[in-house]
Amino acid sequence: MSVRVRIAPSPTGSLHVGNARSALFNWLFARHHGGTFILRLDDTDVERSEEHHVVQIQESFRWLGLDWDEGVGVGGPHGTYRQSDRLDRYAEVVDGFLARGIAYRDFRSPDELDELRRAAQAAGGPPRVPSGASGDPVADLARAEAGESFTVRFAVPAEGAVEFDDVVRGPMRFDLANEDDFVLVRSSGMPTYHLASTVDDVDYEITHVARGEDLLASTPKHILITRAMGAEPPTYAHMPLLFGPDGKKLSKRHGDTSVRAFMDAGYLPEAMFNFMCLLGWSYGEDREVFSKEEAVAAFDLDAVGKNTAVFDTTKLDWLNGEYIRALDGTDFVDRVRPMLGDLDPEQERRFEAIASLVQERTKKLPEAADQVGFLFVADDAIEFDEASWRKQMTKDFSRPALEGGLAVLGDLEPWTTEAIDGALRGNLETQGLNARKGLQPLRVALTGSAVSPPLFESMEVLGKDATVARLERALSMVEDPAGD
RNA sequence: GGCCCCGUCGUCUAGUGGCCUAGGACGCCGGCCUCUCAAGCCGGUAACGCCGGUUCGAAUCCGGUCGGGGCUGCCA
């Protein structure tokens with residue numbers, strides 16, 4: 001039997017990294033086994049589901065490189081893959097359950113149920129709410145047709161147990177005595193997640209359900225429904241949850257943890273992919289950096305770990321730098337250019353000339369844009385970083401460095417990195433300054449900051465005129481501190 | 001309260017009775033390199049929650065305990 005797995009986000013928000021990680025593992029599993037990866041929408045919560053989330057969720061998956069074979073947007077043999085379009089099918093299943101006495105209509109009010117729950121809990125034993133079955137389906141139907149509000153509940157057997165073998169956690173056993181008669185259909189007529197999701201899994205012939213550990217305790221419900229439908233339950237794999245750096249379950253208060261946020265922050269999808277693989281799974285061989293293809297070849301669900309992982313992006317930052325450095329030079333230029341705004345031909349030339357030097361020293365794409373900013377401003381409009389100025393331009397070496405630099409560069413020919421290097425080093429000797437003192441003021445004069453791409457190369461890219469102009473301007477400001 | 005899951009360096013993890021005086025990676029610290037910052041290279045810091053048991057031998061098996069987490073909804 002060929003592997004069929006699914007990811008079923010609910011479009012009540014943007015795609016969260018936790019869901020993305022689940023999707024990733026499902027995708028890896030499907031690809032490893034040559035199976036089918038399905039994207040389904042669990043949108044039974046009509047109150048909170050929104051269409052723009054549907055669009056963004058798909059965008060996030062595509063960005064990460066998780067392509068799906070069936071489902072939303074791509075179609076397949078099972079319709080639209082949206083639960084809101086399958087209401088008739090759920091009703092059909094429930095009617096069958098009702099007819100066979102596997103489910104019943106429950107007319108108790110929420111308040112009444114709360115009361116019962118509290119009482120059961122106070123009793124100390126299992127907090128199971130007593131069955132609300134009247135034992136008279138005909139009368140129930142009459143009440144329903146008369147317009148009384150009701151839910152449909154699954155009649156969980158009072159005794160026995162549900163057992164299954166979890167791929168990640170091993171043998172599981174849940175006593176039914178602890179299981180409530182759970183709701184299948186809300187009073188609004190909409191199916192619950194448990195019903196819709198399970199019916200879909202059966203109908204779509206899902207072979208492996210790999211999802212977050214938070215659903216582990218709900219699995220007996222799903223198995224009960226599956227069996228009631230006369231089907232064999234799929235293989236389950238409950239994957240560890242993701243936590244925030246504070247050790248608490250990942251949520252909004254840990255900042256924006258949507259995939260979209262990482263997209264916008266300038267992370268490379270390859271790096272994000274690689275990073276998420278590391279959360280709960282290990283490539284082995286002491287390897288942390290690997291390609292998608294390598295991950296597909298090595299991955300399997302039974303190798304997924306049991307313990308929760310803290311979503312700490314420190315390592316992601318490092319990985320992103322690794323991937324940026326590994327980028328083809330033109331690829332890097334293409335990815336950064338959109339962040340620079342409109343460039344004239346001269347600015348474009350400067351950017352491309354210095355790109356490779358910036359590529360080596362950036363961890364996130366937007367940083368690269370910051371680092372080349374000095375190439376695009378007018379020579380008399382450089383803004384000086386205050387701390388840099390104080391440290392390099394207010395010292396006794398500041399003037400000699402600038403004046404000496406100007407003296408040797410003024411009529412330097414040819415204007416190349418090598419020639420600039422030689423000229424400036426010669427000046428260091430005549431001034432009796434070490435490289436640190438003799439060159440830093442020039443860097444600040446040129447770029448506005450004590451941190452920049454390599455100085456000589458920057459000068460070459462800027463050209464002699466611009467270089468001289470910037471040095472002169474800075475020198476004039478050093479002479480007259482009040483002029484700053 | 002009840003049911004269930006988990007517990008190796010700060011973080012992600014390797015480890016399935018001896019190869020472990022516990023390995024790798026990120027981070028951090030120090031050094032080298034060096035025109036700044038990165039990168040790179042070298043070195044260092046740092047963990048089997050605790051207590052019992054099984055065994056010649058336990059991070060690995062069992063029990064307990066403590067700690068964290070999930071579920072307990074007409075959310076998913």
Side-chain angles (χ1 to χ4, degrees), chain A residues 8-10 12 19 42-45 47-48 106 110 113-114 117 120-129 149-153 166 168-169 172-175 177-180 182-188 190 192-194 196-197 211-220 238 240-241 243 245 247-249 275 278-289 305-319 321-322 325 357-363 367 371 388 392 421 424-425 428 434-440 442-444 447 449-458:
Chain A
S10 72
T12 53
N19 286 123
D42 280 11
D43 59 350
T44 52
D45 185 348
E47 310 282 294
R48 299 191 296 143
D106 185 355
L113 258 5
D114 274 353
R117 221 174 337 257
Q121 208 174 100
R128 185 173 169 155
V129 171
S149 177
F150 66 92
T151 61
V152 177
R153 286 182 186 270
D166 193 281
V168 173
R169 285 160 213 282
M172 288 296 131
R173 178 194 161 89
F174 291 86
D175 280 324
N178 298 312
E179 248 5 91
D180 264 320
F182 53 95
V183 174
L184 258 16
V185 182
R186 304 183 245 242
S187 55
S188 67
M190 283 299 279
T192 59
Y193 162 80
H194 299 301
S197 169
R211 63 206 341 184
E213 191 199 333
D214 50 343
L215 262 355
L216 182 59
S218 299
T219 304
H238 287 93
L241 263 17
F243 277 51
K248 296 281 162 60
K249 190 183 175 186
F275 176 63
L278 263 18
L279 265 23
W281 180 68
S282 166
Y283 185 88
E285 300 173 20
D286 289 340
R287 289 233 353 235
E288 329 284 326
V289 184
K306 294 177 169 67
N307 34 1
T308 54
V310 172
F311 189 78
D312 180 346
T313 55
T314 310
K315 188 181 280 193
L316 170 61
D317 288 347
W318 164 74
L319 262 176
E322 291 282 302
R325 269 172 258 124
L357 295 171
V358 172
Q359 180 175 0
E360 294 172 12
R361 55 202 82 213
T362 116
K363 280 194 161 134
E367 290 175 1
Q371 291 179 60
S388 297
Q392 306 299 343
D421 187 331
L424 253 18
R425 283 186 198 286
L428 291 182
N434 63 28
R436 193 174 218 97
K437 290 180 174 177
L439 262 18
Q440 280 299 78
L442 306 194
R443 184 187 309 283
V444 174
T447 69
S449 168
V451 176
S452 83
L455 184 61
F456 310 142
E457 284 84 347
S458 296

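Numbers restart at 1 for each chain; the letters A, B, ... are given by sequence-line order, proteins then strands. Side-chain atoms are counted along with the backbone in the values below, which use heavy atoms only and exclude waters and symmetry mates.
- Residue A/Pro453 comes nearest to A/Val358 through the heavy atom pair CG-CG2, 4.1 Å, listed as atom of the first residue, atom of the second, then distance.
- Under the 4.5 Å side-chain criterion, counting only non-hydrogen atoms from C-beta, A/Val168 is in contact with A/Lys306.
- Nucleotide B/rC37 is matched to nothing when pairs are restricted to Watson-Crick or G-U wobble geometry with both distances under 3.5 angstrom.
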### Message
Return a single string for nucleotides 35-48 of chain B, one symbol per nucleotide in 5' to 3' order, where B is base contact, S is sugar-phosphate-only contact and - is none, cutoff 4.0 angstrom on heavy atoms.
### Response
BBBBSS--------
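- Side-chain contact check for A/Thr192 versus A/Arg186: some heavy-atom pair is nearer than 4.5 Å.
- Considering all non-hydrogen atoms of both residues, A/Ser452 and A/Arg443 come closest at OG-NH1, 2.9 Å.
- Shown here, B/rG30 forms a base pair with B/rC42; the pair counts as Watson-Crick or G-U wobble because both key distances fall under 3.5 Å.
- Counting all heavy atoms, side chain and backbone alike, A/Asp312 lies closest to A/Phe275 at O-CZ, 3.3 Å.
- Straight-line distance from the CG atom of A/Asn434 to the P atom of B/rU34: 14 Å, rounded to whole Å.
- Remark: B/rA22 base-pairs with no nucleotide in the shown strands. Criterion, Watson-Crick or G-U wobble with two distances under 3.5 Å.
- Per the geometry, CD belonging to A/Glu288 stands 11 Å off P belonging to B/rG24, to the nearest Å.
- Across all strands shown, B/rG7 pairs with B/rC66; the Watson-Crick or G-U wobble distances both stay below 3.5 Å.
- Under 3.5 Å, the side chains of A/Ser10 and A/Thr12 contain a donor-acceptor pair of N or O atoms.
- Nucleotide B/rC74 forms a pair with no other nucleotide shown, judged by Watson-Crick or G-U wobble geometry with both contacts under 3.5 Å.
- Separating the CE atom of A/Met172 from the P atom of B/rC3 is a distance of 16 Å, rounded to the nearest angstrom.
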### Task
Any chance you could list the contact pattern along nucleotides 69-76 of chain B? Use B for base contacts, S for sugar-phosphate-only contacts and - for none, protein heavy atoms under 4.0 Å, 5' to 3'.
SSS-SBSB
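- Distances shown here put a side-chain N or O of A/Asn307 below 4.0 Å from the OP1 or OP2 atom of B/rU8.
- Between A/Lys306 atom NZ and B/rC12 atom P there is a gap of 17 Å when expressed in whole angstrom units.
- Here the closest heavy-atom approach between residue A/Thr151 and residue A/Val183 is recorded as CB-CG1, 4.2 Å.
- If you take CG of A/Asp286 and P of B/rA22, they are 16 Å apart, rounded to a whole angstrom.
- Going from atom CG of A/Leu319 over to atom C1' of B/rG27 covers 13 Å, rounded to whole Å.
- Going from atom OH of A/Tyr283 over to atom C1' of B/rC12 covers 17 Å, rounded to whole Å.
- Pair assignment for B/rA59 gives none, since no Watson-Crick or G-U wobble pairing has each distance under 3.5 Å.
- In terms of heavy atoms, A/Tyr193 sits closest to A/Arg211 at OH-NH2, 3.9 Å.
- Rounded to an integer number of Å, the gap from A/Lys315 NZ to B/rC26 C1' is 5 Å.
- Closest non-hydrogen pair, A/Glu213 versus A/Arg169, comes out as OE1-NH2, 3.6 Å.
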